[in-house]
Each structure stands twice: as structure tokens, then as C-alpha cells.
Amino acid sequence: MIRRSGFGWLEFILGLLLVALGIFTFTRPLEALMAVVIIYGVTAILMGIGDIVMYIRAERFTGFAPMLSLISGILSVMSGVMLIAYPGAGTLVLGILFPIWFITHCVSRLARLDVIRVFVGNGIYYCLLILNIIGLILGVLLLLAPYWAIISASWIIGFYLVLLGAESIVLAFSKVGSRF
């Protein structure tokens with residue numbers, strides 16, 4: 001029998017990477033738009049793989065939420081591959097691709113919050129609910145104003161990456177981090 005430490009190392013490491021990437025984006029907004037597109041692609045692939053793994057592990061326990069994780073995972077992997085293959089095009093599609101990614105990822109996380117609430121209680125549940133609602137609003141705003149999204153992409157993406165990192169770190173310290 002495999003014993004788990006009760007600490008979600010994968011979520012914690014992913015959270016630290018996302019926070020570091022977000023801070024880098026804040027400190028170098030002009031260079032981040034072009035130079036970090038490949039890193040965003042790798043991050044999208046890793047997050048997509050995480051969502052697909054979530055689907056595989058949680059499919060038998062719940063109904064609709066895991067399917068959203070699978071769809072979000074596939075979209076994230078596709079986005080990541082595109083960014084790595086065509087980094088120049090990545091800056092052009094920021095106005096559409098990243099808002100869609102933000103929205104699908106937040107919807108996926110919101111859909112599985114009921115499962116998270118069972119394991120960790122109300123405190124972390126409400127924290128994750130607020131973080132994902134902010135991300136969802138941010139994604140919708142970016143989708144409605146793609147020109148504004150391209151102009152301010154570095155700041156908005158940096159902010160959202162820090163939010164995603166914070167969410168992953170919170171999950172790592174909860175009991176959910178060691179289960180999924």
C-alpha cells in the first residue's frame with residue numbers, strides 16, 4: 001500500500017512556478033509578451049495534463065465536473081502546443097486564446113468545487129470560489145475587449161498567473177492536494 005504524505009507536492013510546485021511566472025511578467029511586461037510565450041505554452045500543457053489526470057481519477061466519483069476538466073485539459077494542451085510551435089503567432093492571438101483559456105479553466109475549477117468542499121471545508125472552498133470568479137470575470141472582460149487584452153496582456157496575464165499559483169498552493173496545503 002502506498003502512503004501519501006497528505007501534502008500535494010505537484011500542486012505546490014505548479015503553484016510556485018505560476019506565481020514566479022506571474023511576478024516575472026509584472027517586472028518585465030514588454031519582454032514578457034514575446035520572450036515568455038514558450039513558457040506559457042509549457043505551463044498550458046502542464047495544466048492541461050493536470051486537468052486530464054483529474055478527469056481520469058475523478059470520473060467515476062462525479063458526473064459533469066470531470067468532463068469539464070477533460071475539455072479544459074484538451075484546450076490547454078492544444079493552446080500550449082500552438083504557443084510552442086508558433087511563438088510569434090502567440091502574441092497575435094493573446095486577445096482571443098488566453099481569455100478562452102481563462103474562462104474554460106475557471107469553469108472547470110468552479111464545477112469541481114463541490115468535491116473540494118467535501119474534503120477541505122468551507123474556508124478553502126470560499127477562497128477558491130472567489131479566486132475562480134475573479135478569473136472568470138477577467139476572462140470575459142478580455143474576450144469582450146481583445147484590443148485592450150493585447151495592450152495590457154502582460155499585466156493581466158501576470159495577475160491571473162499569480163491567482164492560479166495561489167489557488168494551487170492553497171490546494172497543496174489542503175487534503176485535496178494529496179488526493180488529486
Side-chain angles (χ1 to χ4, degrees), residues 8-54 68-69 71-110 113 124 127-174 177:
W9 284 104
L10 180 63
E11 288 285 340
F12 183 71
I13 292 169
L14 180 63
L16 289 178
L17 289 173
L18 288 170
V19 169
L21 186 59
I23 291 170
F24 177 78
T25 304
F26 279 135
T27 59
R28 299 187 180 264
L30 297 176
E31 293 122 2
L33 199 53
M34 188 62 177
V36 186
V37 169
I38 292 175
I39 296 173
Y40 289 137
V42 171
T43 302
I45 290 171
L46 291 175
M47 290 178 66
I49 290 170
D51 282 344
I52 292 169
V53 168
M54 166 64 184
L68 288 174
S69 290
I71 293 168
S72 172
I74 291 170
L75 286 174
S76 290
V77 170
M78 287 172 39
S79 300
V81 168
M82 194 279 308
L83 289 173
I84 291 171
Y86 304 105
T91 58
L92 298 175
V93 298
L94 284 177
I96 301 295
L97 180 64
F98 280 112
I100 292 171
W101 178 40
F102 289 173
I103 291 168
T104 59
H105 186 74
C106 288
V107 167
S108 170
R109 295 284 174 122
L110 285 169
L113 272 180
I124 293 176
C127 177
L128 297 178
L129 178 68
I130 290 168
L131 287 173
N132 282 295
I133 289 173
I134 290 170
L136 188 61
I137 291 169
L138 185 62
V140 170
L141 288 175
L142 288 174
L143 196 58
L144 294 176
Y147 178 74
W148 183 77
I150 291 170
I151 300 258
S152 60
S154 297
W155 288 94
I156 293 168
I157 292 169
F159 176 73
Y160 188 68
L161 287 171
V162 170
L163 284 178
L164 280 177
E167 178 189 26
S168 291
I169 291 170
V170 167
L171 281 175
F173 283 99
S174 71

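Since the structure is predicted, the reported quantities are computational estimates derived from the model, not experimental observations.
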On a heavy-atom basis, which atom in [X] and which in [Y] lie closest, and how many Å separate them?
X	Y	result
Ile38	Ile84	O-CG1, 4.0 Å
Gly139	Pro99	O-CB, 3.4 Å
Val77	Ile52	CG2-CD1, 4.3 Å
Cys127	Val170	SG-CG2, 4.5 Å

**Request:** For Ser72, enumerate each residue passing the side-chain hydrogen bond (donor to acceptor under 3.5 Å, both in side chains) test, keeping only those at least two apart in sequence or located in another chain.
**Result:**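 Expected list: Asp51.
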Once rounded to the nearest 0.5 Å, what's the spacing between atom [atom1] of [X] and atom [atom2] of [Y]?
X	Y	atom1	atom2	answer
Leu138	Ile103	CG	CD1	9.5 Å
Glu11	Leu18	CD	CG	9.5 Å
Ser168	Ile13	OG	CD1	11.5 Å
Ile74	Ser79	CD1	OG	11.5 Å
Leu164	Phe159	CG	CZ	10.5 Å
Leu17	Leu21	CG	CG	8.5 Å

**side chain to side chain contact (heavy atoms under 4.5 Å, CB included), paired with Leu136, selected from Val107, Leu131, Leu141** = Val107
**Request:** Spell out, as yes or no, whether a donor-acceptor pair under 3.5 Å connects the side chain of Thr104 to the backbone of Ile100.
**Result:**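 A pair under 3.5 Å: yes.
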**Item:** By ring-ring contact (aromatic ring centres under 6.0 Å, His included) - contacts of Phe26 (at least two apart)
**Value:** Trp155
**Request:** Please list, chain by chain and in numerical order, all residues satisfying ring-ring contact (aromatic ring centres under 6.0 Å, His included) with Phe12, sequence neighbours excluded.
**Result:** Phe7, Phe173
**Item:** Candidate list Arg109, Glu167, His105, test side chain to side chain donor-acceptor pair (under 3.5 Å), partner Asn132, passing option
**Value:** Glu167
